[in-house]
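One structure is given here, and the rest of the page talks about it.
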Amino acid sequence: MYTFHTLTAWIEEMRLLCTPDKVVWCTGSEEEYQAFLQLMVSEGKAKPLNPIKRPGSYAFFSDPSDVARTENRTFIACQNPDDAGPTNNWVDPDEIKKTLKASFRGSMKGRTMYVIPFMMGPLGAPVSKIGIQLTDSLYVVVNMRLMTRMGSHVLKALEKGGEFVPCLHSVGYPLEKGQKDLPWPCAPIEKKYIVHFPEERMIWSYGSGYGGNALLGKKCLALRIASVLARDEGWMAEHMLILKLTDPNGKYRYILGAFPSACGKTNLAMLVPTLPGWTVETLGDDIAWIRLGKDGRLYAINPEYGFFGVAKGTSFQSNPNAMHAISKNTLFTNVALTDDLDVWWEGIDGPIPAHLTDWQGQSWTPQSSTPAAHPNSRFTVSTKQCPVLAKEWENPEGVPISAILVGGRRPTTIPLVHESFSWAHGVFMGSTVGSEITAASISNNIGQVRRDPFAMLPFIGYHVGDYLKHWLDMGKKTSPEKLPRIFYVNWFRKDDQGHFLWPGFGENSRVLKWIFERCEGNVQAKKTPIGYMPYLKDLDTDGLVLEKGALKTLTDVHSDVWTQEAKDIRQYYEKLGPKIPHELYEELDGLSSRLK
Ligand code: GTP
Ligand code: SPV
Ligand code: MN
């Protein structure tokens with residue numbers, strides 16, 4: 001058990017293992033944050049941006065081998081391999097501890113070990129969790145300061161009782177006496193290990209400094225470890241945005257959305273509706289912790305304190321609220337720089353500059369053959385800078401959820417929106433969600449469709465079959481009418497030429513409106529073999545310009561295509577093995593027979 005009383009002993013043990021030159025306890029204060037940034041500037045690890053155009057902001061550039069989560073170096077270390085299931089890389093906990101102890105031994109030589117006390121979830125919320133991360137990366141410290149509730153107050157909370165999740169992290173680049181440091185130290189790919197011990201509730205991450213590999217509060221704690229806690233304790237930890245949708249009469253509902261990495265969560269969470277009178281406010285853009293409230297409804301909180309958003313494609317056109325949020329006090333990673341030290345990336349507003357410095361520090365012109373910003377370039381910014389942050393976003397009880405959206409990038413087959421017949425049918429839909437592989441993780445298969453149940457494929461800390469059973473079980477804890485309705489959306493349908501058929505972004509408010517009205521019980525829907533779909537008259541297309549025939553394609557359900565989809569889903573289930581709940585096979589059989 002890791003508690004306040006064992007904290008110093010654990011840190012001392014890790015210090016003796018990693019042998020840093022010194023240990024620094026982070027207080028989380030603003031002065032400390034600024035001092036850390038200045039230290040990084042002096043070491044050539046951070047570049048201050050133009051103080052007029054981007055005040056308080058810095059750019060960081062990673063090693064080209066360390067640009068995204070490395071799923072093939074991410075492991076679940078539990079006693080029984082079957083508990084990790086077919087979608088995780090399993091390792092034996094004792095074996096991997098031996099291996100990793102060898103890696104961590106002396107790994108912080110010549111460096112400082114920072115102690116980061118952090119909390120996931122609002123102070124005082126019933127589901128909040130404390131973590132203590134030890135790291136030799138200042139990049140991690142400054143990012144954790146924005147992404148989590150970090151600092152001495154967390155130690156005070158821990159002192160009052162309870163456990164913490166120990167999170168050990170090293171970039172795996174010790175410095176011998178006189179050895180010069182690198183701007184972005186890290187270990188080669190085959191030496192990187194991101195290891196979760198769900199039974200011990202512990203995380204060891206070695207060799208990478210980037211994003212979800214290194215900011216251990218996020219995917220490692222708030223999803224992989226939390227998903228196991230949630231299963232055991234009867235709640236849910238999900239890869240979901242949280243938004244508040246208000247209609248022109250001032251009536252509002254809270255909506256969750258599970259889309260795989262780089263598939264539109266941040267954008268939907270900050271959406272500016274094109275429909276007059278409707279508003280969207282943000283509560284979270286990546287992770288939701290969901291529990292059953294006393295009234296039998298599902299309530300969600302955002303455990304994070306900042307956004308670690310995809311830069312590429314972000315513009316005043318696509319996501320003005322994100323652009324306002326990142327106008328100051330923002331950390332940028334792997335973006336390109338303009339000659340006057342502002343940030344730039346593919347898809348940002350305005351003409352392409354005649355000259356840039358690309359994310360690898362090379363001179364770049366529009367004639368260059370490589371992108372100026374890395375496709376997984378990111379911004380880190382405090383949630384509080386979001387101009388449309390919902391005032392209740394830190395409510396410790398969370399907000400009651402009316403609808404859950406699932407979806408991914410599917411160029412074919414999946415219509416713009418369809419609604420499940422029941423919770424179990426919705427869980428079936430969520431289990432089949434798929435997406436083209438994106439740049440958010442390192443993979444050779446960019447572009448292929450991979451199934452990604454509830455967008456959690458890389459983040460479930462246990463067996464995917466048990467995870468889906470947990471979803472079904474959550475639905476049995478309350479009466480059906482209290483459960484959120486589940487909708488499957490697809491903004492990414494393409495025509496034969498490969499163009500998006502749906503404009504997306506702010507225009508997605510048209511789909512949100514239909515979903516809202518379904519929740520209100522104000523609108524009838526067409527029953528199709530795959531679910532309820534809007535009658536065209538009910539989808540608000542006022543002022544919308546679409547390609548000829550687009551709406552028909554977007555709302556078509558083709559028997560042949562869906563029969564193929566059902567076959568593919570069956571193959572996927574069979575590949576996952578015998579733990580897939582029989583209820584999901586019943587849903588699949590139901591779909592197949594409705595298609596006949
Ligand atoms: P992670 O932070 O990796 O979990 O990603 P995310 O799910 O938050 O995705 P994000 O909102 O950052 O969007 C990723 C990419 O999808 C960006 O390039 C967006 O421009 C693009 N995108 C988002 N929403 C839409 C949409 O409605 N239509 C289209 N065509 N593209 C979109
Ligand atoms: C994702 O990949 O889903 C992200 C980015 O949100 S990271 O924090 O690197 O996992
Ligand atoms: Mn994400």
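Numbering of ligands and ligand atoms starts at 1, following listing order.
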Subset of ligand 2 atoms that lie under 4.0 Å from at least one heavy atom of [X]:
X	answer
D286	6 (O)
G211	9 (O)
H239	3 (O)
S261	1 (C), 2 (O), 3 (O)

For ligand 1, the portion of [X] having any non-hydrogen atom under 4.0 Å away:
X	answer
L241	neither
K312	backbone
W502	neither
P260	backbone
M270	neither
F505	both

As a check for students: among [options], identify the option with a heavy atom nearest to [atom].
atom	options	result
atom 7 (S) of ligand 2	A68, G212, S208, P458	G212
atom 8 (O) of ligand 2	K218, R69, E304, R378	K218
atom 2 (O) of ligand 1	R69, K265, R378	R378
atom 1 (C) of ligand 2	E71, M147, K219	K219

Could you tell me, atom by atom, which parts of ligand 1 come under 4.0 Å of a heavy atom of [X]?
X	result
S261	1 (P), 3 (O), 4 (O), 5 (O)
H239	4 (O)
D286	4 (O)
R409	15 (C), 16 (O), 21 (C)

Sidechain N-carboxylate O distance under 4.0 Å for [X], [Y]:
X	Y	value
E304	K265	no
E565	R451	yes
D286	K219	yes

Lys/Arg cation over aromatic Y254: K244, 6.0 Å, 45° cone: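 No, a cation-pi geometry is absent between K244 and Y254.
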Is it the case that R518 places NZ or CZ above or below the six-membered ring of F487, under 6.0 angstrom from the centre and within 45 degrees of the axis?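 Not flagged: R518 not positioned over aromatic ring of F487.
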Test item: side-chain donor near acceptor, [X] and [Y], under 3.5 Å:
X	Y	result
T380	N143	yes
W471	E238	yes
S62	Y139	no
S208	R73	no
T314	N319	no

Geometry only, no angles: is [X] polar-contacting ligand 1 at N/O separations under 3.5 Å?
X	answer
D285	no
A262	yes
G264	yes

Does ligand 1 have an atom under 4.0 Å from some heavy atom of C263?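 It does, in that a heavy atom of C263 comes within the 4.0 Å cut-off of ligand 1.
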May I ask you to check whether F308 brings an N, O or S atom to under 2.8 Å from the Mn ion (ligand 3)?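 So F308 does not bind the Mn ion (ligand 3) by this criterion.
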Verify the ring-centre separation between W204 and Y193: is it less than 6.0 angstrom?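 Not under 6.0 Å, so no.
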Tell me if the centroids of the rings in Y114 and F36 come within less than 6.0 Å of each other.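 Yes, ring centres under 6.0 Å apart.
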Could you state the interatomic distance from CH2 (W359) to CG (N376), rounded to the nearest 0.5 Å?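 The CG atom of N376 is 10.0 Å from CH2 of W359, to the nearest 0.5 Å.
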May I have the step-by-step check of side-chain hydrogen bond (donor to acceptor under 3.5 Å, both in side chains) for N213 and T70, ending in yes or no? CA-CA 7 Å; N213 287 347; T70 42; 3.2 Å; yes
Considering just N/O/S atoms, say which atom of D286 is closest to the Mn ion (ligand 3).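 The atom in question is OD1.
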Angle, NZ of K219 through the Mn ion (ligand 3) to NE2 of H239 - 10° precision: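 About 90° at the Mn ion (ligand 3).
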How are the rings of Y210 and W184 set to each other: parallel, tilted or perpendicular (split at 30° and 60°)?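 Ring orientation, 0 to 90° scale: tilted.
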